[in-house]
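One structure is given here, and the rest of the page talks about it.
So that the names make sense, note that chain A is the first sequence line, chain B the second, and so on, each numbered from 1. No hydrogens, no waters, no symmetry mates; every other heavy atom, side chains included, goes into these values.
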2 protein chains.
Amino acid sequence: MTAHSKKQALDIAKDCFAVRLRKLHREVSGLYDDRFRPFGLTTAQFNLLVSIAAHGEVAPKQLVETLSLEKSTVSRNIEKMQKNGWVKTTPHKDKRRHLLALTDAGEALLEKVTPAWQQAQEDAATTYHSLKSMIKDIPLT
Amino acid sequence: MTAHSKKQALDIAKDCFAVRLRKLHREVSGLYDDRFRPFGLTTAQFNLLVSIAAHGEVAPKQLVETLSLEKSTVSRNIEKMQKNGWVKTTPHKDKRRHLLALTDAGEALLEKVTPAWQQAQEDAATTYHSLKSMIKDIPLT
DNA sequence: CCTCATTAGATGTATATGCAACTATCCAAT
DNA sequence: ATTGGATAGTTGCATATACATCTAATGAGG
């Protein structure tokens with residue numbers, strides 16, 4: 001390990017978008033996970049819960065696009081949320097598809113965790129002052 | 001699902017730091033993974049590779065702090081990198097600890113993937129124009 | 001009608017990640 | 001020196017994620 005290559009590695013670590021973004025993602029996700037834990041909810045599941053609620057009724061395919069998740073990830077995460085009684089499916093004329101919606105329990109959960117979400121938002125904004133301005137630059141769709 | 005609660009969910013989805021940050025993380029990590037795949041390297045492993053190189057010799061505990069990773073995550077990811085012959089360990093006087101360093105193969109790999117990393121950086125900067133300015137606001141340590 | 005490419009989802013397999021609990025070691029107070 | 005708490009790392013377990021492959025259903029050309 002020459003001094004040169006060590007310095008080069010330092011530069012990469014400092015400049016790399018992925019290194020910083022992944023670290024920030026772990027830290028921020030942790031704040032939300034801490035707040036959601038008492039409800040038996042994870043941040044990934046909360047994302048899906050909110051997205052389904054926002055659509056009313058929605059196909060998995062749509063969630064894949066909205067959240068940039070792999071279809072198999074959606075498939076399996078939804079499966080857990082169904083087992084927890086938060087999500088229900090309804091058939092579609094096109095038998096390949098089906099639609100997802102929140103159950104009453106799912107809607108009640110969303111109501112119930114909203115204050116925890118607000119606290120997590122504050123945690124994040126307090127710890128990472130730049131998030132508030134940064135958020136506008138993160139594309140949503 | 002009332003129209004009111006649906007609109008509320010839309011607002012949460014739009015405002016939530018975690019939703020946007022996690023989505024961006026998946027998209028950007030995917031760009032790097034695509035570039036690293038031909039080398040049998042993942043973005044997570046690249047992060048560790050660079051961090052070890054930047055330190056020269058480093059304890060897992062230090063990586064935990066530098067990258068905000070759980071200690072068990074570091075433990076197991078390093079284990080895979082050792083099996084791949086990229087990382088070696090040396091004992092420490094304090095027998096609880098050990099030090100990590102890159103092997104020759106590890107250093108060679110880092111050299112070899114650096115152009116791919118640069119391409120991923122360009123991919124990311126091109127797709128997400130705001131990343132370049134955003135990066136300054138993401139705390140490193 | 002057929003057939004074949006396409007599409008939506010599910011399943012097999014692997015990595016990444018975190019929490020809890022455990023082990024081994026160290027250190028400080030007595 | 002002894003012991004009890006702290007520390008570094010590992011292991012058990014669960015979720016999250018992606019790629020490759022598979023299945024079922026659709027739809028477009030012939």
When the distance from CE of B/M81 to P of C/dT17 is rounded to whole Å, what number comes out? 12 Å
Between A/R37 (CZ) and D/dA14 (P), how many Å, whole number? 16 Å
Applying side chain to side chain contact (heavy atoms under 4.5 Å, CB included), can you list everything that pairs with A/K112, at least two apart in sequence or on another chain? A/F39, A/L109
For the backbone of A/K14 and the side chain of A/R20, can you confirm whether one donor and one acceptor N or O come within less than 3.5 Å of each other? yes
List in chain and number order the residues that pass side chain to side chain donor-acceptor pair (under 3.5 Å) with A/D33, two or more places apart in sequence or in another chain; answer none if no residue qualifies. A/T43
Side chain to side chain donor-acceptor pair (under 3.5 Å) partners of B/S5, counting only residues at least two apart: B/T2
Can you tell me how far P of C/dG18 sits from OH of A/Y32, to the nearest Å? 17 Å
Rounded off to whole Å, could you give me the CD1-to-P distance for the B/I78 and C/dA16 pair? 11 Å
Please work out which residues in residues 115-126 of chain A have a non-hydrogen atom less than 4.0 Å from an atom of DNA chain C and list them by number. none
Let's see if you get this right: which residues in residues 38-52 of chain A place a heavy atom under 4.0 Å from DNA chain D? A/T42, A/A44, A/Q45
What is the distance from NZ of A/K93 to P of D/dA24, rounded to the nearest Å? 23 Å
Pairing residues for A/A101 by the side chain to side chain contact (heavy atoms under 4.5 Å, CB included) criterion, not counting sequence neighbours: A/E57, A/K88
Counting only pairs under 3.5 Å, give me each side-chain donor-acceptor contact of residues 115-126 of chain A, with atom names and distances, residues two or more places apart or in other chains.
residue	atom	partner	partner atom	Å
A/Q119	OE1	A/R35	NH1	3.4
A/Q121	OE1	A/Y32	OH	2.3
A/Q121	OE1	B/F17	N	3.0
A/Q121	NE2	B/D15	O	3.2
A/D123	OD1	A/R35	NH2	3.1
A/D123	OD2	A/R35	NE	2.7
A/D123	OD2	A/R35	NH2	3.2
A/T126	OG1	A/E122	O	2.7

Taking ring pair (Phe, Tyr, Trp, His ring centres under 6.0 Å) as the cut-off, I'd like each qualifying pair that reaches into residues 61-102 of chain A, sequence neighbours left out, listed once. none
My understanding is that only residues two or more places apart in sequence, or in another chain, count here; which of them pass side chain to side chain donor-acceptor pair (under 3.5 Å) with B/S29? A/R22
So if I define the base as every atom that isn't primed, P, OP1 or OP2, how would nucleotides 6-11 of chain C read as a B/S/- string at a heavy-atom cutoff under 4.0 Å? -BSBBB
Rounded to the nearest 0.5 Å, what's the gap from OG on B/S51 to CG on A/L10? Could you check? 9.5 Å
Please list all pairs meeting side chain to side chain donor-acceptor pair (under 3.5 Å) that have one or both residues in residues 100-111 of chain A, counting only residues at least two apart or in different chains. none
Send over the distance from B/K80 NZ to D/dT10 C1', rounded to a whole Å. 14 Å
Rounded to whole Å, how long is the line connecting atom NE2 of B/H92 with atom C1' of C/dA24? 16 Å
Which nucleotide in the list D/dT26, C/dT17, D/dT17 gets nearest to the side chain of A/K95? D/dT26
Is the shortest side-chain N/O distance from B/N77 to OP1 or OP2 of C/dT15 below 4.0 Å? no
Can you list the residues that meet the side chain to side chain donor-acceptor pair (under 3.5 Å) rule with B/R76, with sequence neighbours excluded? none
Atom CZ of B/R22 and atom P of C/dT17: how far apart are they, to the nearest Å? 12 Å
